[in-house]
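Report on the structure given below.
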Amino acid sequence: MNKFKIFSLALVATASVAKAQDIKEAKKAIDAEQFQKAKSLLKSIIKAKPSDGEANFVLGNVYLNQSVVDSAKIYFLNGIEASDKKNLNYIGLGQLDLDNKNVAGAQANFALATKDIKRKDVDEFIYIGKAYMNSVHPDYNNAIASLKKALAIDPQNATALLAIGDAYYGANNQNEAYKSYRDAFTADPTLLRAKMQLGVLLKGAKSYDEAIKAFNEVIALNASYGPVYRELAETYYKWGRNKPSTAKVNLQNAITNYEKYLSLTDYSLDSKMRHADFLILVKDYKSLETVANKMIAEDKVNPRIFRYLGYAAYENGNVDVAIKSLEDYIKNPSNKVIGSDYMYLGLAKIKKGTNAEGAVDQASFDAGIANIKKAVELEPLVVEELGDYGKELFGKKQWAQAAAIYELSSSNSESKNYLTDNVYYGISLYYANLDKKATTPEVAADLAKADAAFDRVLVASPSYDEAYLYKGRIGNLLEKEDQIVKNYETYVANITAKGAEELAKPATVKKIVEAYNSIGASYANTDKAKAIEYFNKTLVLDPTNAYASQSVKALK
């Protein structure tokens, strides 16, 4: 009997050790971003022991971090029924509450998670801190408060130090983040993510060369640690974006390192989705189309693939495929639609409705503008992407269509292209109405919008003298004499103040002649002497100017 008891206890001990090893391996796989491997390990633990609360919680977190909320909730609820560490699952439910802005519900669940813990338990406080951080509505202050509770119990807990480093980083406290990451790696030199995060801090400070050195130090410790290659890829990408002279080399380095990252993950559909996201970031649309088509061959039901195929098809010139793919994605109510989805759909319809010869399919164009308006409603700063598309239409002298794009892109003062897009908006409206009757209400309204655009330009950049020139031209179209004189005179005064070198330029002379002639014509019916004075100023600069000569003769 005694032998049987001892043998039974030995089996239990062996099973517990195996389970602990599996959990440890699963957590290691999660850190390495090998999520498919982690899920397989955790599911095997749960299959062997459905009452394992910790395995349910960790698996639920994997699904939650992948935004598969229904599956996450199922495992958290299963875990609550467990006999082993079931309390952890209240933390998972608490994060779901935070995601739904139910702070009181989250706090109640966190209280249940910590109600019966032992004096030296710290895992609960660490996981609560992570829940506050990982929520779609992160609360870094409460995360820090919870993690400080863990560190008060175990000051050298490397996992807690790493987590509080992440919380400080999220709260923009770079100094404390650096100290925490350094202390975490000191406490556990195998915790590569802590050392990697030191490089992430350098990347965030735009010290790209130093960040790359830091990431290479991690690779020197373990060349198979996948996440560091993702960080390298993002660093090279940002370096290329911030320093265009390095863009070609750095973007290729970014792609190479991201492919290395993928080779060290599980090549699951999720990892391929992340790869597709990165290809969009680096604008490698040919590769994106290849990846999207491969994903469709593997999984015809995952709707996100249609987003990637739509983006790639548009950029590669296949607008019909782009429109169909994105419409298929957007019409599914279970899909999370983002601003870029509507923007690409709108641009595809606009491209379909405006050909190189200048013909316009107004219905298709208007449908595209309507989609872009939806994009702006969802993500106001998506307007930063529109200027280049407006320039394409502007270059084809499709003025009205360019103006429709710029009306949207020039509307957000937070946009980095706010000044430039307002200039193009005003010019597009001016040329779109140049040969129309200004007495028409629609034309008058357009010209008023153009004038307002140049006013915004002058607020943003008072030295942009061309704005006064266009305001004078708009005054001409509207036959507003006061506007003509005021703006052209301001233009001439500002240009004259720049000195003889500027005044000697042929392009400048031509514009000043335009100003003098316009002012002269404005005075012709009310002050002949003034009119003649300005026409004579024209003739000093351009003695053969027929309009000025004929006007002087007519006025004498």
Side-chain angles (χ1 to χ4, degrees), residues 8-9 12-24 26-27 30 38 41-43 45-65 69 71-135 138-164 166-167 187-188:
S8 298
L9 287 171
V12 170
T14 302
S16 297
V17 170
K19 177 257 179 184
Q21 286 175 339
D22 285 342
I23 281 281
K24 189 174 180 181
K27 290 178 180 178
I30 292 167
L41 285 167
L42 291 163
K43 285 176 181 178
I45 295 171
I46 293 167
K47 185 177 180 181
K49 187 182 177 186
S51 62
D52 190 310
E54 185 177 13
N56 276 280
F57 169 67
V58 175
L59 181 55
N61 262 336
V62 173
Y63 279 114
L64 190 54
N65 290 336
V69 177
S71 294
K73 189 172 182 178
I74 288 168
Y75 283 104
F76 293 145
L77 291 173
N78 287 344
I80 286 172
E81 302 301 320
S83 55
D84 178 26
K85 294 190 177 182
K86 69 177 184 179
N87 62 317
L88 294 175
N89 291 278
Y90 288 111
I91 300 172
L93 293 174
Q95 186 177 329
L96 290 174
D97 285 329
L98 291 175
D99 290 349
N100 292 317
K101 296 186 178 180
N102 182 4
V103 176
Q107 290 172 344
N109 273 311
F110 295 155
L112 288 171
T114 55
K115 185 176 68 170
D116 297 319
I117 62 173
K118 296 175 184 177
R119 189 166 58 87
K120 291 188 178 182
D121 286 348
V122 296
D123 285 353
E124 288 77 5
F125 294 120
I126 295 171
Y127 281 126
I128 290 169
K130 289 181 177 182
Y132 275 117
M133 277 190 286
N134 293 334
S135 168
D139 181 345
Y140 296 109
N141 290 332
N142 269 322
I144 291 166
S146 183
L147 291 161
K148 280 183 175 179
K149 290 178 183 177
L151 289 167
I153 298 166
D154 185 0
Q156 296 304 308
N157 187 296
T159 305
L161 288 165
L162 171 60
I164 203 168
D166 291 339
D188 181 1

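Heavy atoms only: backbone and side chains are in, while hydrogens, waters and symmetry mates are out. Numbers here simply count residues along the sequence, with the first being 1.
- Between Tyr132 and the options Phe110, Phe125, Tyr127, a ring pair (Phe, Tyr, Trp, His ring centres under 6.0 Å) holds for only Phe110.
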Show the atom names and distances, to 0.1 Å, of all donor-acceptor pairs under 3.5 Å that link a side chain in residues 93-100 to residues at least two apart or in another chain.
unit_1 : atom_1 : unit_2 : atom_2 : d
Gln95  : NE2    : Asn134 : O      : 3.4
Asp97  : OD2    : Ala106 : N      : 3.4
Asp97  : OD2    : Asn109 : ND2    : 2.8
Asp99  : OD1    : Ser135 : OG     : 2.9
Asp99  : OD1    : Val136 : N      : 2.9
Asn100 : ND2    : Leu96  : O      : 3.1

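- The CG atom of Asn61 lies 9.0 Å from the CG atom of Asn89; values are rounded to the nearest 0.5 Å.
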Side-chain donor-acceptor contacts of residues 148-161 below 3.5 Å, not counting sequence neighbours, with atom names and distances?
unit_1 : atom_1 : unit_2 : atom_2 : d
Asp154 : OD2    : Asn157 : ND2    : 3.4
Asn157 : OD1    : Thr159 : N      : 3.1
Asn157 : OD1    : Ala160 : N      : 2.9

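- Applying the side chain to side chain contact (heavy atoms under 4.5 Å, CB included) criterion to Asp121, with sequence neighbours excluded, gives Ile117, Lys118, Glu124.
- A pairwise comparison of heavy atoms in Ile30 and Ala38 identifies CG1-CB, 3.5 Å as the closest pair.
- With rounding to the nearest 0.5 Å, the separation of NZ in Lys73 from CG in Leu64 is 12.0 Å.
- For Lys27, the salt bridge (Lys or Arg N to Asp or Glu O under 4.0 Å) partners are Glu54, not counting sequence neighbours.
- Between Ala55 and Ile45, the closest heavy-atom pair is CB-CG2, 3.8 Å.
- Scored by the side-chain hydrogen bond (donor to acceptor under 3.5 Å, both in side chains) test, Asn102 finds no partners at all (sequence neighbours excluded).
- Atom-to-atom distance recorded for Phe57:CZ and Asn87:CG is 9.5 Å, nearest 0.5 angstrom.
- Using a 4.5 Å cut-off on side-chain heavy atoms (C-beta onward), Tyr75 and Val62 make no contact.
- Note that OG1 of Thr114 and CD1 of Ile91 are 8.0 Å apart. Values are rounded to the nearest 0.5 Å.
- Between Asp22 atom CG and Lys49 atom NZ the span is 12.5 Å, to the nearest 0.5 Å.
- By the side chain to side chain contact (heavy atoms under 4.5 Å, CB included) test, Ala167 is found to be paired with Met133, Ala143, Ile144, Leu147, residues two or more places apart in sequence or in another chain being considered.
- How far CG of Asp188 is from CG of Leu162: 10.0 Å, rounded to the nearest 0.5 Å.
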